[in-house]
Number of protein chains: 2
Amino acid sequence: MAEEKLQRNTRQRQVILEELCKVTSHPTAAELFALVQMRLPRISLGTVYRNLELLVQNDIIRKLELGGREARYDGNLNRHYHIRCMECGRVADLHDISDDPVAAKLENVEGWEIMGHRLEFIGICPQCRGEKAEKEIK
Amino acid sequence: MAEEKLQRNTRQRQVILEELCKVTSHPTAAELFALVQMRLPRISLGTVYRNLELLVQNDIIRKLELGGREARYDGNLNRHYHIRCMECGRVADLHDISDDPVAAKLENVEGWEIMGHRLEFIGICPQCRGEKAEKEIK
DNA sequence: GTCGCTGCAAACTCTTTGCAGTGCC
DNA sequence: GGCACTGCAAAGAGTTTGCAGCGAC
């Protein structure tokens with residue numbers, strides 16, 4: 001999956017990754033930009049987006065595109081689930097919780113009140129499987 | 001949850017709901033707009049968004065804000081899960097599948113190849129629970 | 001020295017909103 | 001007839017991109 005696209009280790013990239021790993025708040029690109037800007041005042045938001053994308057492609061960080069409009073980024077690659085606050089949009093980690101959302105709903109963890117869950121499967125549809133098979137033949 | 005905000009049954013609203021219920025493809029607002037436009041050529045995209053929002057608030061349809069950037073809408077309120085194609089973004093329903101994503105991953109359903117899942121919990125964070133409690137006291 | 005990466009700004013996508021007019025109840 | 005709703009267009013949020021110059025290797 002990792003495609004080794006990171007060819008140069010720029011100061012901007014270092015700082016973006018450091019700041020992301022330092023917090024557990026799963027910042028949006030804009031929030032991370034604000035953090036990085038304290039250390040690199042001339043950095044641009046475009047650079048933050050470009051580096052986040054590259055870091056995601058190299059499996060160094062994870063992009064969270066779940067509920068809510070903005071994407072959030074997670075510097076922790078260990079398998080864990082997230083919980084999003086319906087009121088303020090804050091996202092936290094859930095450790096040691098059941099993989100089964102129905103069972104998990106019953107446990108209230110770390111001060112959060114769990115109201116529900118979103119579960120979406122990801123895969124390849126019959127049409128695209130067909131196309132992939134065709135390409136491999138060619 | 002339903003707040004009964006639908007006060008008038010306009011032709012636009014009827015057609016939007018009819019077209020959404022007619023398909024099982026979970027269209028985006030723009031896709032639905034195109035469908036509706038065939039029957040009401042002068043309708044505007046803003047009207048589609050406004051009506052979708054009202055229909056969601058009245059628990060008549062569901063808004064799917066999972067992976068991918070655009071929201072998609074679902075006219076079927078029965079409990080079911082969705083699967084999104086990694087290649088083309090198409091979203092389909094999954095019926096009769098285990099609630100447990102780990103078990104479900106093993107079953108390949110209706111021609112789809114299931115690669116993984118996204119699971120996010122929704123709740124109220126400790127901070128917002130505090131604020132809500134405060135408001136209720138006042 | 002090369003060329004991947006940067007800052008900047010403009011563009012793009014999706015969604016929301018202000019406004020004057022329309023038509024449902 | 002009142003006012004919820006409409007079409008239109010402009011604005012808004014979040015993200016991407018084109019370009020000339022910079023700096024990591």
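In the text below, chain A, chain B and the rest are named by the order of the sequence lines, each starting its count at 1.
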Exercise for the section: Using the test salt bridge (Lys or Arg N to Asp or Glu O under 4.0 Å), find all partners of E19(B) that sit at least two apart in sequence or belong to another chain. Expected result: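 Counting only residues at least two positions away or on another chain, E19(B) forms a salt bridge (Lys or Arg N to Asp or Glu O under 4.0 Å) with K22(B), R39(B).
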Handout entry: Contacts of R50(A) that satisfy salt bridge (Lys or Arg N to Asp or Glu O under 4.0 Å) - sequence neighbours left out
Key =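 Expected list: none.
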Exercise for the section: Whole angstrom is fine here: how far is it from CG in N58(A) over to P in dG4(C)? Expected result: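 So the two atoms are 15 Å apart, to the nearest Å.
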Exercise for the section: State, with a plain yes or no, whether a side-chain heavy atom of S25(A) is found less than 4.5 Å away from one of V91(A). Expected result: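 S25(A) vs V91(A): side chains apart.
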Practice task
Tell me which residues in residues 14-49 of chain B put a heavy atom below 4.0 Å from DNA chain C, sorted by number, or none.
Solution key: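 Those residues whose heavy atoms fall under 4.0 Å from DNA chain C, taken from residues 14-49 of chain B in numerical order, are L45(B), G46(B), Y49(B).
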Exercise for the section: Name the first nucleotide and the last nucleotide along DNA chain D (5' to 3') that come under 4.0 Å of a heavy atom in chain A. Expected result: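 Nucleotide range in contact with chain A: dG14(D) to dC25(D).
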Which pairs of donor and acceptor atoms, one on a side chain in residues 42-49 of chain A, lie under 3.5 Å apart (sequence neighbours left out)?
| from | atom 1 | to | atom 2 | distance (Å) |
| --- | --- | --- | --- | --- |
| S44(A) | OG | T47(A) | N | 3.4 |
| S44(A) | OG | T47(A) | OG1 | 3.3 |

Using the side chain to side chain donor-acceptor pair (under 3.5 Å) criterion, which residues pair with [X]? Sequence neighbours excluded.
X	answer
R62(A)	none
E65(A)	none
E70(A)	none

Exercise for the section: Could you tell me which residues satisfy ring pair (Phe, Tyr, Trp, His ring centres under 6.0 Å) with H82(A), sequence neighbours excluded, listed by chain and number? Expected result: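 H26(A), H80(A).
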Problem - ring pair (Phe, Tyr, Trp, His ring centres under 6.0 Å) contacts in which one or both residues fall within residues 50-71 of chain B, not counting sequence neighbours - result: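 Pairs touching residues 50-71 of chain B that pass the test: none.
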Taking only nitrogen or oxygen atoms into account, show me every contact under 3.5 Å that the protein makes with nucleotides 19-25 of chain C, one pair per line with its distance.
| from | atom 1 | to | atom 2 | distance (Å) |
| --- | --- | --- | --- | --- |
| dG23(C) | N2 | R8(B) | NH1 | 2.2 |
| dC24(C) | O2 | R8(B) | NH1 | 3.4 |
| dC25(C) | OP1 | N9(B) | N | 2.7 |

Practice task
Could you note down all residue pairs passing salt bridge (Lys or Arg N to Asp or Glu O under 4.0 Å) where residues 115-128 of chain A supplies at least one of them, sequence neighbours left out?
Solution key: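 As it turns out, the salt bridge (Lys or Arg N to Asp or Glu O under 4.0 Å) pairs with a partner in residues 115-128 of chain A, which skip direct neighbours, are R118(A)-E120(B), E120(A)-R84(B), E120(A)-R118(B).
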